[in-house]
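One structure is given below, encoded as structure tokens.
Each chain gets a letter, A, B and so on, in the order its sequence line appears, and its residues count up from 1. Since the structure is predicted, the reported quantities are computational estimates derived from the model, not experimental observations.
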2 protein chains.
Amino acid sequence: MVDDRMVVGADVGGTWTKAVGVSMRGRPLGLLARMETLARRGPRDFAGRLAALLDGLAGKSGRRLAAAGLGLAGEVDAGRGMLRTAPNLRGWEGFGFKAELGRSLGVRVAVDNDANMAAWGGYVLELGRRPRHAVCVTLGTGVGGGVILDGRLHRGASGSAGEIGHLCVEPDGESCHCGRRGCLEAYAGAYGIARTARKLLAGRRKAGPLERLCPGLKGLEPRLIALAARRGDAAARAVWRVTAHYLGLGIADVVYLLNPEAVLLAGGVAGAGRLLLDPVRRFLDRQPFRLPFRSVRLRLAGTPHLGALGAALMALEEAA
Amino acid sequence: MVDDRMVVGADVGGTWTKAVGVSMRGRPLGLLARMETLARRGPRDFAGRLAALLDGLAGKSGRRLAAAGLGLAGEVDAGRGMLRTAPNLRGWEGFGFKAELGRSLGVRVAVDNDANMAAWGGYVLELGRRPRHAVCVTLGTGVGGGVILDGRLHRGASGSAGEIGHLCVEPDGESCHCGRRGCLEAYAGAYGIARTARKLLAGRRKAGPLERLCPGLKGLEPRLIALAARRGDAAARAVWRVTAHYLGLGIADVVYLLNPEAVLLAGGVAGAGRLLLDPVRRFLDRQPFRLPFRSVRLRLAGTPHLGALGAALMALEEAA
């Protein structure tokens, strides 16, 4: 008998909300719906519109909803299914998404922060047969992450675990959006990479591919820095070496502490591909402790919408 | 009915081996036996002498052996109960301690590395009612550690997890015994602390309490640096501030990544007490992420022989 049910997942950011669906076996169904988050209208308004979006996604695929997952940008109380603090979703703190959406959708709802959901999505979809212990690093504007141990998401005492972007890789180094200095995010987040690029370009007399792609050094996105590097821009290549150095330091810390089977790099910045992966691998290969570094696979995530897919897959896991 | 059984544990270092006993409820029995490890005589000779030592410990207390635990200095394959690599126990690699001692003692034997056993001992004996997630940092000549998640020791993919001493806290910083630079151990291990003291004393014209305790700056042990600090030596106080700064950086990394309920500082260096604890607490209180740092308790271990006790308690746990 064909199972005519599905599980939906949504990734709720400060600006956009994306929703996807997976089969009861966890296979992505190739569905995607988007809407503006419109955070100012408040969480109740949002929850109403989201329920309609998710219902619509199920309707379009001709399947019944079995469960739903929600990844929210901010500090989440996963048990209660609510935001504790949310710089990008102001005023949403304390609203019970789990209860509210559970009522309106008539199914169980899993809620966690967006980084944990993305990490879970990467763990399930990108690493082949699930390894026992894995760490996912999401490289976007900021750097987030999630820790999976013994096949389960490790949330920690207050649901705050996995803040890989705030490992200190350069004491008194560059400033991070969190207010501290020298965090991994300050070097491997998109804004940190752009800062590295500006510094490396400042001393250059003759414009290269990177200046031509970003006139006036505006819009120094990781995507364009990668493109310039592929076109032979020496400074752009140096940007990726610096980024990889710090990413290597952070990943090495994770390996010394947790000794995982796999580390997955996801998020837009991971689109730099081998420009990032190769020097990080070389960095890890130089570590004096051989056993944990021989045991760890380093992979780039290729699946889009891992945040929303991970939310759906987490809901599926919790419903099992 | 009184249970007339006990569990023994041994901590096997490069020079000395210590053994202790715990009751079937995990209560330390106040027994202690020591012998020279005499590593050069090889593992089979050692195993024979250790079996006699442990049997003797049981005999002295009038109890029967129920299980035994062994913490070995080096990289351990806990499943097979053997050393993989052991810089301080050369030639012992590959010897099956679990099987050999199991045969000679007639009980089940748990084997792990000494840092994991000490962490387990600290977790069970020093943190009150067992917290869900905790990290133990053992501050000795080197800096080791152990990670307890969901009430169980996290060993990782190759049994190498918990190498807290090799988190990088100062890229291109002081050299570490592992061959890398800037590891936490290079600042918070006894040899790193002595190096900090030598540097801070180098510029001092007038001798203070520390020079009087360590004439010619020989034997700059953490214990004496703490004593000098308590006698008002400004340089000695500065040594602890520097040490605490780096320890704070390492512990903050652990909290960002794992969000534990408790962090325990054990080992000889922890004898510095509040000289170390207070500035580390202040460092953690300054972190911008409040939730995980409010959730974490920082404690000093006071129980001696945690390595051997932890080995016994791990054996008890595995026998349960």
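A donor-acceptor pair under 3.5 Å is formed between the side chain of A:N259 and the backbone N or O of B:G159. Side-chain atoms of A:D253 come within 3.5 Å of backbone N or O of B:C168 as a donor-acceptor pair.
Of the residues considered (B:G145, B:P288, B:A157), B:A157 shows the highest number of contacts with chain A, using heavy-atom pairs under 4.5 Å. Comparing A:G179, A:P171, A:S295, A:P131 by how many heavy-atom pairs each has under 4.5 Å with chain B, the most go to A:P171. Ranking A:L257, A:L149, A:L167 against chain B, the residue ahead of the rest is A:L257, based on heavy-atom pairs under 4.5 Å.
When side chains are defined from C-beta on, B:R180 does not count as touching A:R286, because their heavy atoms never get closer than 4.5 Å.
Enclosure of atom CZ in A:R281 by more than 12 non-hydrogen atoms of other residues, nucleotides or ligands within 6.0 angstrom is indicated. Within 6.0 Å of CZ on A:R297 lie more than 12 heavy atoms contributed by other residues, nucleotides or ligands. In the displayed structure, B:R290 atom CZ is contacted under 6.0 Å by more than 12 heavy atoms of other residues, nucleotides or ligands.
Note: A:H166 and B:F289 have tilted aromatic rings, judged against thresholds of 30 and 60 degrees for the angle between ring planes.
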A:L291 vs B:R84, side chain to side chain contact (heavy atoms under 4.5 Å, CB included): CA-CA, chis, key distance, verdict: CA-CA 10 Å; A:L291 196 59; B:R84 281 208 191 93; 3.2 Å; yes
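The two atoms that bring B:D150 and A:R152 nearest to each other are OD2-NH2, 3.1 Å, heavy atoms only. Scanning both residues, A:S160 and B:P292, for their nearest heavy atoms gives OG-CD, 3.7 Å.
The distance from atom CD of A:Q287 to atom SG of B:C178, rounded to the nearest 0.5 Å, is 8.0 Å.
Only the backbone of A:V169 comes within contact range of chain B, judged by heavy atoms closer than 4.5 Å. Heavy atoms of A:E261 lying under 4.5 Å from chain B belong to its backbone as well as its side chain.
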